[in-house]
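Notes for the one structure printed next.
All figures in this text were calculated on a predicted structure; none of them were measured in a lab. First listed ligand is number 1; within each ligand, the first listed atom is number 1. By convention here, the first residue in the shown sequence is residue 1.
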Amino acid sequence: MTLSERDQHHLWHPYTQHKTAALPIAITKGEGALLWDENNKEYIDAIASWWVNPYGHSNRFIADAIYKQLTTLEHVLFGGFTHEPAIVLSEKLMQILPANQQKVFFSDNGSTAVEVAIKVALQFFFNKAEKRTTIIAFENAFHGDTFAAMAASGISFYTQAFKGMFIDVVRIPAPTKGKEQESYDALQMQIQNNPCAAFIFEPLVQGAAGMVMHEPEALDQLLEICKQNQVLTIADEVMTGFGKTGKNFAMDHLHQMPDIMCMSKALTGGTIPMAITTFTQVIFDAFYDQDINKALFHGHTFTANPTGCAAALASLELLQSPEMQANLVRVHQNHLDFQSKIKQHPKVHTTRVLGTIFALEIKTQATASYYGSLRNKLYDFFIQNGVVLRPVGNIVYILPPYIITDAQLQKIYQVVQDALEIV
Ligand SMILES: *Cc1c(COP(=O)(O)O)cnc(C)c1O
């Protein structure tokens, strides 16, 4: 029996209708931007395994750091205890985060990073005895699959079964080109009509919506409105963090700074599940009191796992190396070249590029559904051709590991171009 077949006995996969889905592909090895399955077929990982792996699979530098930490101190509880990897990681993050970020809270994944951000924002006002309980989020946002994160998410595919069971969330359109004023007006209106605690957003790129982009100036404007109204701002950089947009963080493209930031995905280079939520001093101070009830009663068993911290430190070192920074520029330039070549194609509706992110919308008659037949046809075509891409409806995006070679990138572009012929 193959691994793919054995899988079916006991495993339940994410975002999968097991009755209609094809057998999963069993991957046995990864190196750099490449993956191999149990039949030794080779694939290019063109989406960095759900955006987590910028530095390549089975990266020796990160692996060595993890091994060293595992054989020194693999884990210790973070309640009442601390350790050097967490301390050093907080110090290193301070050097690259927006200058107002001062406090670092650890959790396990992107959803929990968002969960912590939202709970802190709500308790911030509770502690100040101010009634603010509404969260503002973008239409088509994605912030994760736990309850508060899901409430903030606006893609109905993920949330429809739980309607009516959420915290209060109101939505505004993202300020995409031409929709800026509508977005500002909607924000003003929601703030006027609701006791708004916080505005959560994916800065510059709405990943799960299909790499939908907006300009830094437009987001700056929204953050300015929030600031004027004492609404806390939460930048969900779970996808955009650590170089994806060409800078360390998407927020580095803006003038405004967020009150809270969420990061995960590339934090440990795709090795160990870990997430971080950071806060301003002002927010921390609202919890700092003689009264124990004002403390943040949130934590996870593996909070600040030292091995995860060691992986994150090694990853940060890689990100900041001149070689990796050169890779960011190189991938970006390749994307731009492909964009100028493909954008006139009669089947291409629109293209967009930011940093290492490339997205292309295929012209369709009707709106293509998120997991619809066009999406499945494209997905199968890419897999047959040895490229891992997960289209979203009619949107094909590429978000490769930064270490991908030019030749591998060209192969991805070629397969994307070929795919336009089959639709
Ligand atoms: C992936 C993602 C999340 C959720 O992260 P998980 O680790 O899957 O829980 C949250 N926000 C954004 C912007 C994401 O891309």
Would you verify whether the NZ or CZ of K103 falls within 45 degrees of the ring axis of F284 while also being under 6.0 Å from that six-membered ring's centre? yes
Locate the shortest heavy-atom distance separating A198 from A121; write the atom from each residue and the value. CB-CB, 3.8 Å
Could you find the nearest protein heavy atom to atom 7 (O) of ligand 1 and give me its residue, atom name and distance? G110 N, 2.8 Å
Using a 4.0 Å cut-off to any heavy atom of E202, which atoms of ligand 1 qualify? 13 (C)
Can you spot which of H9, H13, H10 makes a ring-ring contact (aromatic ring centres under 6.0 Å, His included) with H18? H13
Which atoms of ligand 1 sit under 4.0 Å from any heavy atom of G144? 4 (C), 10 (C)
Please could you name the atoms of ligand 1 that N109 approaches to less than 4.0 Å, counting only its heavy atoms? 7 (O), 9 (O)
Heavy-atom distances under 4.0 Å are what count here, so tell me which part of H143 touches ligand 1: side chain, backbone, both or neither. backbone
Note the single closest protein heavy atom to atom 1 (C) of ligand 1, along with its residue, its atom name and the distance in Å. K265 NZ, 1.5 Å
Determine, considering heavy atoms only, which of S111, S107, A208, S264 sits nearest to atom 9 (O) of ligand 1. S111
Quick look: W51 vs ligand 1, heavy-atom contacts under 4.0 Å, and the answer is side chain
Determine whether the side chains of E180 and S183 contain a donor N or O and an acceptor N or O closer than 3.5 Å. no
For atom 12 (C) of ligand 1, what is the nearest protein heavy atom, given as residue, atom name and distance? D236 OD2, 3.4 Å
Do S315 and F242 have side chains that get closer than 4.5 Å, going by heavy atoms? no
Supply the atom-to-atom distance L23 CG to R6 CZ, rounded to the nearest 0.5 angstrom. 13.5 Å
When rounded to the nearest 0.5 angstrom, what distance separates CZ in F106 from OG1 in T278? 11.0 Å
